[in-house]
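Input: a single structure, listed below in structure tokens.
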Amino acid sequence: MDICKFCHHKSKASEKLNDSELSLQSENCAEYRFKKGDIIIRQGALSSNVIFLREGLVKLHMTGPLHEQIIKITYGPAYLGLPSTFGDKYNHYSVTAIEESLVCFIDLSTFRTFVKNNPDFTYQLMIELCVNELDSYHRCVSRTQKQVSGGLAENLLFFADTIYHSNKFELPLNREEIGNLIDASRESVSRTLSNFHDEGIIKIENKKITIIDKERLRLISQYG
DNA sequence: GCATTAACCACAG
DNA sequence: CTGTGGTTAATGC
């Protein structure tokens with residue numbers, strides 16, 4: 001079985017695996033297709049596998065003292081639970097598919113042998129972790145310092161530029177979830193979206209968004 | 001004081 | 001699940 005060898009959605013790290021390692025991984029993993037809304041990782045449960053998002057879109061979220069907090073939106077290919085898998089024994093956060101997602105569960109001890117025996121693999125893994133950490137610092141600063149309009153603008157640009165590569169897209173989250181992502185109430189999200197619409201910056205029909213004035217949105221994201 | 005921002009509540013589609 | 005209006009609190013001139 002060489003499903004991993006011929007996979008078109010390898011992680012940067014697993015591109016460094018040799019043929020025998022790839023076939024070992026093939027024998028010790030299972031793939032599963034999640035539908036929108038399905039929970040992939042549950043906060044509090046034991047984490048006994050390495051979980052790799054091959055393709056799709058998910059939200060990482062955790063239950064806070066007041067409400068659910070969305071930590072970040074992640075798209076494939078990406079490892080999903082490394083901080084939980086290696087940082088502790090249980091999942092510190094949940095992962096839920098917000099679009100259909102193809103996920104591979106990789107046996108932890110198999111993965112560990114790659115980490116220990118293949119430096120190129122480990123190096124790529126380390127890069128991914130560091131990029132994630134840098135990104136989380138940036139998002140932390142944005143979240144705490146930007147007002148609602150700035151945070152919203154930033155995330156609309158993120159969906160358009162990074163996720164959908166189009167100025168026209170359908171929001172994969174409802175207003176409350178966007179609020180939980182940018183630290184705002186669902187009412188503020190509604191109102192701010194309406195304001196953007198009225199000012200001709202975007203067009204909204206329910207969850208369909210069209211960005212009209214991207215420059216303006218960038219300015220709001222920067223200064224708002 | 002006065003303006004701005006945003007949360008909370010209520011109510012209507 | 002959304003959008004809007006009224007109200008209230010905090011913050012900054």
Please state how far atom [atom1] in [X] lies from atom [atom2] in [N], giving the value in whole angstrom units.
X: A/Glu177; N: C/dT2; atom1: CD; atom2: C1'; answer: 14 Å
X: A/His197; N: C/dG3; atom1: NE2; atom2: P; answer: 11 Å
X: A/Glu205; N: C/dC1; atom1: CD; atom2: P; answer: 21 Å
X: A/Ile204; N: C/dG3; atom1: CD1; atom2: P; answer: 7 Å
X: A/Leu171; N: C/dG3; atom1: CG; atom2: C1'; answer: 15 Å
X: A/Leu152; N: C/dG3; atom1: CG; atom2: P; answer: 12 Å

Search all heavy atoms of [X] against all heavy atoms of [Y] and return the closest pair with its distance.
X: A/Gly151; Y: A/Lys146; result: N-CB, 4.0 Å
X: A/Ile211; Y: A/Ala160; result: CD1-CB, 3.6 Å
X: A/Ser47; Y: A/Asn91; result: CB-OD1, 2.9 Å

### Message
Just N and O in the side chain of A/Lys207: are any of them under 4.0 Å from OP1 or OP2 of C/dT2?
### Response
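Yes, because at least one side-chain N or O of A/Lys207 sits under 4.0 Å from OP1 or OP2 of C/dT2.
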### Task
Go through the structure and list residues passing side-chain hydrogen bond (donor to acceptor under 3.5 Å, both in side chains) with A/Tyr164, not counting sequence neighbours.
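Counting only residues at least two positions away or on another chain, A/Tyr164 forms a side-chain hydrogen bond (donor to acceptor under 3.5 Å, both in side chains) with A/Glu99.
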### Query
What pairs with A/Glu100 under salt bridge (Lys or Arg N to Asp or Glu O under 4.0 Å), at least two apart in sequence or on another chain?
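Per chain and number, A/Glu100 pairs via salt bridge (Lys or Arg N to Asp or Glu O under 4.0 Å) with A/Arg33.
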### Message
If the condition is ring pair (Phe, Tyr, Trp, His ring centres under 6.0 Å), which residues does A/His92 pass it with, not counting sequence neighbours?
### Response
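Residues passing ring pair (Phe, Tyr, Trp, His ring centres under 6.0 Å) with A/His92: A/Tyr90.
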### Query
For A/Tyr79, what residues pass the ring pair (Phe, Tyr, Trp, His ring centres under 6.0 Å) criterion, not counting sequence neighbours?
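Scan of A/Tyr79 (ring pair (Phe, Tyr, Trp, His ring centres under 6.0 Å), adjacent residues dropped) gives A/Phe52, A/Phe111.
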### Task
Classify every nucleotide of nucleotides 6-13 of chain C by which part a protein heavy atom approaches to under 4.0 Å, writing B for the base, S for the sugar-phosphate alone and - for neither, in 5'-to-3' order.
B-------
### Message
How about CD on A/Glu176, more than 12 heavy atoms from neighbouring residues, nucleotides or ligands closer than 6.0 Å, or not?
### Response
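Atom CD in A/Glu176 is not packed in, count stays at 12 or less.
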### Query
Looking at DNA chain B, which of residues 181-188 of chain A put a heavy atom within less than 4.0 Å of it?
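Those residues whose heavy atoms fall under 4.0 Å from DNA chain B, taken from residues 181-188 of chain A in numerical order, are A/Asp183, A/Ala184, A/Ser185, A/Glu187, A/Ser188.
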